[in-house]
Each structure stands twice: as structure tokens, then as C-alpha cells.
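Here's the structure, in C-alpha cells; my notes come after.
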Amino acid sequence: MCGRTSCHLPRDALTRACAYRDRQGQQRLPQWKDPDRYCPSYNKSPQSSSPVLLSRLHFEKDADSSERIIAPMRWGLVPSWFKESDPSKLQFNTTNCRSDTILEKQSFKVPLGKGRRCVVLADGFYEWQRCQGTSQRQPYFIYFPQIKSEKPGSKDTADNPDYWDKVWDNWRLLTMAGIFDCWDPPGGGELLYSYTIITVDSCRSLRDIHHRMPAILDGEEAVSKWLDFGEVSTQEALKLIHPTENITFHPVSQVVNNSRNSTPECLAPVHLITNKEPKVSGSSQRMMQWLTTKSPKKEAPQTPQKDESDIPQWSSQFLQKSPLPPKRSAAAGLLERWLKQEKEEEPMAKRPHSQ
């Protein structure tokens with residue numbers, strides 16, 4: 001399932017992150033519908049508003065279906081046929097839509113048949129793993145692997161707001177397949193646009209966290225086909241709905257458990273918000289040691305090094321198999337410290353399911 005996301009980029013940065021090429025190959029930026037309704041947040045939950053991409057043809061009859069619009073929509077699809085005056089009275093959960101029953105349930109089958117396909121935008125999403133022997137759950141932040149931005153010059157420091165604009169300008173947004181609908185209140189009033197996120201079985205690297213994950217559209221071609229309902233049929237588009245292994249993740253603080261909390265601490269790696277190293281063993285312990293030092297002597301000289309422009313993919317090396325460590329206290333500049341830290345070495349990637 002997917003029940004919590006982060007989408008905190010300022011509107012201009014989010015727009016630049018959604019640059020695309022139209023059918024003629026021209027570089028374009030999507031236009032906004034109701035831009036003032038976009039509310040950036042590190043911790044978005046169902047019934048809040050999130051930005052989605054959709055074809056311009058949904059709003060303009062003569063538009064090119066390859067052109068795109070960004071529109072803030074309510075998370076939790078309200079079917080167009082719903083007769084109550086209050087959408088909160090909907091008796092079933094439409095936050096997610098299972099891919100295996102998408103053509104069986106009227107709430108999703110009808111808008112899908114009308115071509116109401118959208119792409120839900122996010123920095124990433126959160127998922128919780130149950131910890132063995134305890135009722136507690138460890139939250140994780142899950143996102144696309146990122147490419148490190150160019151090193152800032154002497155004038156670009158963490159204290160300079162322009163520095164972080166550049167960092168997040170290079171962030172690859174997570175693009176999740178969704179379906180939207182438009183509800184006209186029976187008593188009159190403003191139209192309500194809402195969406196659901198399609199889910200699939202988890203990829204191998206996420207199965208230890210949760211058995212379901214969002215249907216992620218990996219790459220511009222997949223995004224284009226999913227959005228272009230004018231040229232791509234429903235059956236053809238549904239072939240894009242499957243798990244992807246191109247994903248990475250890290251543990252985060254339990255501060256994200258409360259949806260009212262919206263700070264960088266929600267998605268910062270948990271090792272940055274503790275003064276006490278968690279009790280882990282094996283590769284996890286070595287990774288923790290690597291993250292707290294810049295010594296290039298810790299790795300044997302003959303070990304091949306990866307391109308330093310790549311941000312390390314911590315992924316399953318942080319999967320918790322033991323009870324949670326005590327709650328950690330917050331520290332200033334959490335996300336900034338994570339994004340700016342210099343990487344002089346990188347341990348070999350190790351996934352539990354590939355051994």
C-alpha cells in the first residue's frame with residue numbers, strides 16, 4: 001500500500017522537475033491548474049492535496065493529449081457517481097487501488113475507461129516495517145536513486161538558500177501511476193478532483209518492509225504513455241503497471257508517524273538524528289561507521305570505487321530485524337547534512353535477496 005508521501009519542493013522547483021518533450025519533441029514545462037492550492041509538505045496523508053500530472057486534453061477539448069498540466073488533487077478518489085453531499089461519508093477506502101482488481105471495482109473501472117489516468121508526484125513515499133518481537137514499526141523513506149549534483153563553489157554553502165535550490169533542482173521526483181475522477185456535489189458547489197494510487201506486489205528489495213508498493217512509472221517514456229490517453233489505449237497503458245527494482249530507501253525517525261509533523265526530519269536518514277549509534281551488526285554496522293567518517297583508509301586500495309557523483313544506495317542494508325532503538329532527539333540541519341555530506345568511499349552494495 002501507499003499511505004504517506006513527501007512532496008515539499010517549492011512550486012517553481014516542482015515545475016522544473018516535471019520538464020518534458022511534447023509530441024513535436026519540443027522541451028516544455030507543464031502549466032498549473034489552481035496553483036495556489038499546492039501546499040508543499042514533508043508528510044502528506046490521505047485526504048490532503050497533492051500535485052498530479054495529467055493530459056491537457058482533460059481540460060481543453062482541442063488540446064494535444066501529449067501536453068501536460070499539474071493540478072493539486074485530493075488524495076482518496078471520490079467517484080463521480082457518489083450521491084452524498086459530504087465526500088468523507090464514502091464507506092470504502094480509495095487511497096489505493098490494487099492493480100489486480102482495477103477492472104473489477106466500479107470506482108476505478110469507470111474513470112479508467114474514460115482515460116482519467118494521472119501521475120502522482122512526490123519526493124518519495126513512506127512505509128513501515130513491523131519489528132520482530134515488538135509491536136513497534138520502523139518507518140522508511142523510499143525514492144528513486146539520485147545523482148549527486150555538482151559540488152558547490154566557495155560561495156555556495158549550506159547557509160546559502162540558493163545552494164539548496166540547486167540541490168533540489170536535481171532531485172528526481174517519484175512518479176506513481178494513479179487514476180483520478182471529478183465529483184460534482186449533488187447540492188451544487190465546486191467540482192472536486194481526487195485521485196487514487198495504483199499498487200502492485202512489492203519488488204524483491206522492499207518485500208521485507210511491506211508486501212505492496214505503488215506502481216512506479218520509471219522513465220519519461222512510461223510517464224508519457226500513461227498520461228497520453230488520446231493515443232495509448234487502456235489495455236496498452238496497463239502493461240506499464242508492474243513492480244520496479246529501480247528504487248532505494250533508508251530508515252527515518254518515528255516523527256513521521258504523526259501526519260501533523262512536516263519537517264526535514266521526516267525524511268532524513270535516521271543515523272543523522274541520533275547521538276548514539278544504533279545497535280546493529282554486520283554490514284549495517286560497517287555502513288554506520290562509513291557514514292560517520294571521511295577516512296579513505298577504511299577501504300582497501302585495490303577495492304574499485306564507484307563514480308563519486310552517485311549518491312550511495314543504502315537500501316536493504318538498513319532493514320531492521322531487531323527491536324527499534326530508543327527514540328532519537330532532533331538536530332538542526334538534518335536534511336541539509338544528509339544532502340551535502342562528501343562521499344569519499346562507498347561500501348559494496350549488498351542486498352539480502354541476491355545472496
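As the structure is a prediction and not an experimental result, all values here were calculated from the model.
Under the 3.5 Å distance criterion, with hydrogens and angles disregarded, a donor-acceptor pair is assigned to the side chains of N246 and D218. Between the side chains of Y143 and H250, a donor-acceptor pair is found at a separation under 3.5 Å.
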Check your understanding: Does the side chain to side chain donor-acceptor pair (under 3.5 Å) test come out yes or no for Q31 and R56, once each step is laid out?
Key -> CA-CA 9 Å; Q31 293 186 352; R56 189 187 190 97; 3.2 Å; yes

Check your understanding: So D36 and R11, side chain to side chain contact (heavy atoms under 4.5 Å, CB included) or not? Walk me through it.
Key -> CA-CA 9 Å; D36 293 339; R11 193 170 69 205; 3.7 Å; yes

Point to revise | Verdict with reasoning, T5 to Y126, per side chain to side chain contact (heavy atoms under 4.5 Å, CB included) | key: CA-CA 6 Å; T5 65; Y126 300 99; 5.7 Å; no

Exercise for review: Evaluate the criterion side chain to side chain contact (heavy atoms under 4.5 Å, CB included) for residue pair Y140 and V252; output intermediate values, then yes/no.
Suggested key: CA-CA 5 Å; Y140 287 82; V252 295; 5.8 Å; no

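Every side chain to side chain donor-acceptor pair (under 3.5 Å) that S50 has, sequence neighbours left out, goes to Y195. The ring-ring contact (aromatic ring centres under 6.0 Å, His included) test applied to Y20 returns no partner, not counting sequence neighbours. Among residues two or more places apart in sequence or in another chain, the side chain to side chain contact (heavy atoms under 4.5 Å, CB included) test is passed with C182 by R116, L191, Y193. S88 meets the side chain to side chain contact (heavy atoms under 4.5 Å, CB included) test with D86; sequence neighbours excluded. Partners of S6 under the side chain to side chain donor-acceptor pair (under 3.5 Å) rule, at least two apart in sequence or in another chain, are D123. Residues satisfying the side chain to side chain contact (heavy atoms under 4.5 Å, CB included) criterion with N257, sequence neighbours excluded, are W128, P139, Q254. For Q24, the side chain to side chain contact (heavy atoms under 4.5 Å, CB included) partners at least two apart in sequence or on another chain are D22, Q26, D64. Take F229 and apply the ring-ring contact (aromatic ring centres under 6.0 Å, His included) test, not counting sequence neighbours, and it matches H58. Residues satisfying the side chain to side chain donor-acceptor pair (under 3.5 Å) test with D34, not counting sequence neighbours, are none.
Taking 4.5 Å as the limit, some side-chain heavy atom of I179 sits within range of a side-chain heavy atom of I198. Inter-residue side-chain proximity for V200 and M213 is flagged as met; some heavy-atom pair is nearer than 4.5 Å. The shortest distance between side-chain heavy atoms of L238 and L112 falls below 4.5 Å. Residues I247 and S205 are in side-chain contact: their nearest non-hydrogen atoms beyond the backbone lie under 4.5 Å apart. Inter-residue side-chain proximity for C131 and R137 is flagged as unmet; no heavy-atom pair is nearer than 4.5 Å. At a threshold of 4.5 Å between non-hydrogen side-chain atoms, the residues C7 and P51 count as touching.
Taken from CG in L192 to CZ in F180, the straight-line distance is 12.0 Å, to the nearest 0.5 Å. The OG atom of S194 sits 11.0 Å away from atom CZ of F82, with the distance rounded to the nearest 0.5 Å. Separating the CG atom in N43 from the CD atom in E265 is a distance of 11.0 Å, to the nearest 0.5 Å. Atoms CG and OG, on L227 and S55 in that order, are 7.0 Å from each other to the nearest 0.5 Å. The distance from the CG atom of L53 to the CG atom of L14 is 8.0 Å, given to the nearest 0.5 Å. Atoms OH and CG, on Y38 and L121 in that order, are 8.5 Å from each other to the nearest 0.5 Å.
When all heavy atoms of L174 and G124 are compared, the closest pair comes out as CD2-CA, 4.0 Å. Here the shortest heavy-atom pairing between I197 and C2 reads CD1-SG, 4.0 Å.
Looking at K44, its side chain does come within 3.5 Å of a backbone N or O of C39 through a donor-acceptor pair. In terms of modelled atom types and a separation under 3.5 Å, the side chain of Q129 and the main chain of D208 share a donor-acceptor contact. In this structure, the side chain of N261 engages the main chain of V255 through a donor-acceptor pair within 3.5 Å. Proximity of a side-chain donor or acceptor of S48 to a complementary backbone N or O of S45 within less than 3.5 Å is detected. A distance-only check finds no donor-acceptor pair linking the side chain of E127 to the backbone of F125 [under 3.5 Å]. Checked by atom type and distance alone, the side chain of Q146 pairs as donor or acceptor with a backbone atom of F144 at under 3.5 Å. Under the 3.5 Å distance criterion, the side-chain polar atoms of R4 are matched with a main-chain donor or acceptor of V256.
Transitive grouping of hydrophobic side chains (ILVMFWY, heavy atoms separated by less than 4.5 Å) brings I241 and I142 into a common cluster. W183 and F92 fall within the same hydrophobic cluster, defined by Ile, Leu, Val, Met, Phe, Trp and Tyr side-chain heavy atoms under 4.5 Å apart, directly or through other members. By the criterion of side-chain heavy atoms lying less than 4.5 angstrom apart, applied directly or through intervening Ile, Leu, Val, Met, Phe, Trp or Tyr residues, L57 is not grouped with V232; the two fall into different hydrophobic clusters. Hydrophobic clustering (ILVMFWY, side-chain heavy atoms < 4.5 Å, transitive): W32 and L29 are in distinct clusters.
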N/O donor to acceptor pairs below 3.5 angstrom from side-chain atoms of residues 99-111, sequence neighbours left out:
residue: S99; atom: OG; partner: T199; partner atom: O; Å: 3.2
residue: D100; atom: OD1; partner: R98; partner atom: NE; Å: 3.1
residue: D100; atom: OD2; partner: R98; partner atom: NH2; Å: 3.1

Atom pairs and distances, side-chain donor-acceptor, residues 71-80, under 3.5 Å, sequence neighbours left out:
residue: R74; atom: NH1; partner: G76; partner atom: O; Å: 2.6
residue: W75; atom: NE1; partner: T95; partner atom: O; Å: 3.1

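Residue pairs meeting the side chain to side chain donor-acceptor pair (under 3.5 Å) criterion with at least one member in residues 222-240, sequence neighbours excluded: R23-D228, S65-D228, R68-S224, E220-S224, E221-K225, E236-K239.
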